[in-house]
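Step one of this worksheet: look at the structure below.
Every chain is numbered from 1 and lettered A, B, ... according to where its sequence line falls, protein lines coming before strand lines.
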Amino acid sequence: MERVNFQAIEKKWQKKFEASRLHNKNGKKFYCLEMFPYPSGKIHMGHVRNYTIGDVIARFKFMKGFDVLHPMGWDSFGLPAENAARLNNLNPKKWTEQNIQTMKTQLKKLGLSIDWDLEISTCDVDYYKHQQEMFIDFYNAGLVSRKETYVNWDPVEKTVLANEQVINGKGWRSNAVVERKKLSQWFFNITKYSRELLKDLENLPGWPQKVKLMQKNWIGESIGCELDFKIKNENKKIRIFTTRPDTIFGASFIAISVDHEISKKFENDSKFKDFKDQCSKIGTTEEALANAEKIGFDTKLFVEHPFIENKILPIYVANFVLMDYGNGAIFGCPAHDQRDFDFAKKYELPIIKVVSENEDTSQNELKEAYTGNGKMINSSFLNGLNVSDAKNKIIEKIVLNKIGEKKTLFRLKDWGISRQRYWGCPIPMIYLEDGSVVPVDKSELPIKLPEDVNLSDSGNPLKNHPSWIKTVHKKTGKPALRETDTLDTFVDSSWYFIRFCSPKSKNPYDVKSTNHWMPVDQYIGGIEHAILHLLYSRFFMKAIKRCDEKITCSEPFKNLFTQGMVCHETYKDSDGNWLYPEEVKKINEKKAINKLKKTEVKIGASESMSKSKKNTIDPETMIKQYGADAVRWFILSDSPPEKDIQWSDTGVYSASKFLQKIWNLTNTVINAKKIKNDISRAKDFENKINFYGFKIDKAINNFQLNVAVAQFYEVYRYFNESISQSITQKTLSNGLIKILKLMLPFTPHLANECLQNLNCKDVDKWPEINSKVLENLEINFAVQVNGKTRDIILIKKDLSEKDVDKIARKSSKTSKYIIDKKIVKTIFIKNKIINYII
RNA sequence: GCCCUCGUGGUGAAAUUGGUAGACACAAAGGACUUAAAAUCCUUGCCCUUUUGGGAGUGCCAGUUCGAGUCUGGCCGAGGGCACCA
């Protein structure tokens, strides 16, 4: 048999793919998008999986007659470029551009149907100048603000560190102890959209439930009320927020945050200072904070209980009360909140039960807080009500007494977008001499990043630049200083999908194209972006719509698919160093040796491929060895796309063998001898091919690409068995064309080549699947006795109970169970089973 | 701690959504072809039986049903998200 020359075939077809587009003039639009990559240097298997899945969908939709938009770009701003540039004394721009070139060449070798005319790169001035314009629009629409927040400050590098750059409280490069420093930073007011972002999740049936739930929890709605407590002997009030106003009669203290206005009174008190120190020593990780002991500082101040005359409650400053949620103050009801319970135990505060599970009004000692439902006790006018009715009644009273109001809070915080970095989009704001901050005039855009920067000095290169920072306020002609912060790279990726609709437009987007192509019909990417990227993008869409009423789209991604990771075993040498798979020779499942040193290698668990553990497989090597089609075929087979997949060398090898068989089959069919046609055989053959077409089409629609691949193996086997039967060359050829067309989205090079050899003229058309033919097929039908399957009979579809019964009883396998027995009942389900109860 | 998802052969997984459990693939064992190897093809898969057959069986325990991998309740285990959010 002739071996398929996949290298020649792939080269030939990739040239054609580059020149062709997935456009169907009169077709319905379909925007297929995979999350664009960060140009880190080379593509990895994760990219291969992501983009192969996307390519199958894009090609499939195109063949089905859709007008498909399938673009690709580069998320090219970010910290790694800066680091790499420092390390190799390169310009970040050059480093990035080189990587893009390499990765683009690699992507083309996968045979993707990408429209490279639409390519964009976020570090391009042509891209980020529009972003600056949008920033100004957002600013003018009141969606940008400036606030003080804490950052991780590296005193040696004189720079702000990202959370992942802080290792055990020290800077990753300088190893200096990281300080918490308060900086004034820019924010997008995403919290203005909390309610909308939450509510609109309901309009996204095409999103995984899991992602929607994660976003829902992230936004974190809680419904409750605000309530004022009057401070005793002072003409002042403390406003608190609670979701349990029903437990007000169980209140035994007020707790406020360390940063609360009232806490400031004690700043010169040495005991308070000690307390503050103690709080800051607890640790910085969130888990440490959550499990930390609850401690408090007694202010010796009291408030009056709003509903119990002459009752007063002490005010404590407590480490577990957060300033940036609600009002930084709460009332503590120890009996029905675990934190309050712990606190009350420590400071010997009263624990008053006001909700009873079982109408027990006695005040037995509690071992832990009771947070469940029940009847109100000990609560004056609330007594006897259940929790939810009590909430309504007390809120009514609070409003009536004008001491508070109903309120809904969200956990979501505003999006901090300032980064003290060089390699990012400059924020188009300037500082005037009088201390005010204003946006630059739009006519002065773009604010270009200077290329002549010194990255080896510590601190922000933009701040260190001799001239870039200095500018002039256009309106007044007065000198001003530029903002040296650059934008978080999540901003870049929050609207690239809109830019793809009109990548050459002079404006950030062309309204007509945007309204035509948006929303993205199918978005595909990793689950790690479930919250931030997807939430920010949703915010951007809404913000753009607010700034421009001509935009009709309010949710950017109609359907979302999150694919799993690519995993591989890990290998460790006897000295504890990680080894690359190519350095290891496997003897069997549990044994492996170091190829060079011949020493034994420890085989570790299969984990997501990562450079640090060296369990990576280079896609380019695989493509060279087995061909792009085989790599694509393998990565789509075996595991469902949403789950993790194990990379296996034997797997990709067997994939290539199967593709060779398809090639052989094509040659066999082309050279098939003329034989007499057996009409009924030919009809059965056509029906069966049609049936597989139906199953494959359905599997792709359901994103069950692994199931589709399995169907191809089956249909191949069936086809191979049919060749020797009395079926004409023409029938065989038509059948194979059908199969190859179904295969085209998976293995575009091989399928195109074979189709060409079979003289197929309408390669781009999805084969017609005749659903009527399906009905004539014979089906396997189960015969059960007492619910146990005793026989499987082959019958015509849609046979009546009477006819099936006749055949079923005759079956020797069944009859021995029912002979001499009285059949009490017969259950018949058309086309499925008949069940005799004896 | 709270929330969510998932448990099917040696492995990755299918299962028409309550109706043939294990399709398809990897690995293993055995066999066919071959002087031999590679390649290719076939068989097996847990228990009993020489075979024909039969039985058990989808994490564990119960329940609903003629019939449960699928539905309900409880338990065990794995993974993920959130984390003092009042």
Q.
Tell me whether the side-chain N/O atoms of A/Arg411 come closer than 4.0 Å to OP1 or OP2 in B/A83.
A. yes
Q: Ignoring backbone atoms, test whether A/Lys661 places a side-chain nitrogen or oxygen under 4.0 Å from the OP1 or OP2 oxygen of B/C41.
A: yes
(Q) Nearest to the side chain of A/Lys698, heavy atoms from C-beta on, is which of B/C66, B/U16, B/C84? (A) B/U16
Q: Find which nucleotide of RNA chain B each of A/Phe410 and A/Ile829 is nearest to by heavy atoms, and output the residue with the more 5' nucleotide.
A: A/Ile829
Q.
I want to confirm an ordering. Mapping A/Tyr325 and A/Asn835 to their closest nucleotides on RNA chain B, which one lands closer to the 5' end?
A. A/Asn835
Q: Could you please name the partner base of B/A36, counting Watson-Crick and G-U wobble pairs only when both distances are under 3.5 Å?
A: none
Q | Aromatic contact, A/Phe253 with A/Phe331 (centres under 6.0 Å) | A | no
Q: Please state how far atom CD1 in A/Ile223 lies from atom P in B/A86, giving the value in whole angstrom units.
A: 11 Å
Q.
Just to be sure I understand the rule, does A/Tyr653 reach a base, reach only the sugar-phosphate, or reach nothing, if contact means heavy atoms closer than 4.0 Å?
A. sugar-phosphate
Q) Do A/Trp633 and A/Phe712 make the cut of ring centroids closer than 6.0 angstrom? A) yes
Q) Looking at A/Tyr718, is A/Lys688 sitting on its ring face, NZ or CZ under 6.0 Å from the six-membered ring centre and within 45 degrees of the normal? A) yes
Q | For B/C6, the Watson-Crick or wobble counterpart (both distances under 3.5 Å) | A | B/G77
Q) Which base, if any, makes a Watson-Crick or G-U wobble pair with B/A28, both distances under 3.5 Å? A) B/U44
Q. In the strands shown, is B/U17 matched to any nucleotide by a Watson-Crick or G-U wobble pair with both distances under 3.5 Å, and which?
A. none
Q: Salt-bridge test for A/Lys212 and A/Glu202: reply yes if a basic N is under 4.0 Å from a carboxylate O, no otherwise.
A: no
Q) In whole angstroms, how far is the P atom of B/C41 from the CG atom of A/Asn664? A) 10 Å
Q.
Whole angstroms only, please: what is the NZ-C1' distance between A/Lys212 and B/C82?
A. 19 Å
Q. Which part of the nucleic acid, if any, lies within contact of A/Lys695, taking any heavy atom under 4.0 Å across all strands shown: a base, the sugar-phosphate backbone alone, or nothing?
A. nothing
Q. What about A/Gln338: does its side chain form a donor-acceptor pair under 3.5 Å with the base of B/G1?
A. no
Q.
Within the supplied structure, the quantity of interest is the number of heavy atoms (other residues, nucleotides, ligands) at a distance under 6.0 Å from A/Glu607 CD; does it exceed 12?
A. yes
Q. Heavy atoms under 4.0 Å, any strand shown: does A/Ile827 hit a base, just sugar-phosphate, or nothing?
A. base
Q.
Go through it in stages, so that I can follow the logic: the residues are A/Arg49 and A/Ser639, the test is side-chain contact (heavy atoms from CB on, under 4.5 Å), and I'd like the CA-CA distance, side-chain angles, deciding distance and then a yes or no.
A. CA-CA 11 Å; A/Arg49 194 177 195 197; A/Ser639 289; 4.2 Å; yes
Q | A/Phe490/A/Trp415 aromatic ring centres below 6.0 Å | A | no
Q | Under 4.0 angstrom between A/Arg790 side-chain N/O and B/G55 OP1 or OP2 | A | yes
Q: May I have the distance from A/Lys643 (atom NZ) to B/G12 (atom C1'), rounded to whole angstrom?
A: 9 Å
Q) Can the ring centres of A/Tyr316 and A/Phe343 be said to be less than 6.0 Å apart? A) yes
Q. Looking at A/Gln660, does any N or O in its side chain come under 4.0 Å of the phosphate oxygens OP1/OP2 on B/A39?
A. no
Q | Base-pairing mate for B/U70 - Watson-Crick or G-U, with both contacts under 3.5 Å | A | none
**Q.** Nearest-nucleotide pick for A/Val321, side chain only, options being B/C4, B/A86, B/A13
**A.** B/A86
Q. What nucleotide, of B/C66, B/A86, B/C4, holds the atom closest to the side chain of A/Ile330?
A. B/A86
Q: Could you run through nucleotides 23-32 of chain B and give me one letter per nucleotide, 5' to 3': B if any protein heavy atom sits under 4.0 Å from the base, S if only the sugar-phosphate is that close, - if neither?
A: BSSSS-----
Q) Picking from B/G19, B/C4, B/A86, which would you name as closest to the side chain of A/Asp337? A) B/A86
Q) Do A/Asn327 and A/Glu226 have a side chain donor and acceptor closer than 3.5 Å? A) yes
Q. Between B/G19 atom C1' and A/Tyr836 atom OH, what is the distance in whole Å?
A. 15 Å
(Q) In this structure, how many angstroms lie between the C1' atom of B/C84 and the NZ atom of A/Lys345, rounded? (A) 20 Å
Q) B/G81, B/A14, B/G80: which one has an atom nearest the side-chain heavy atoms of A/Met214? A) B/G81
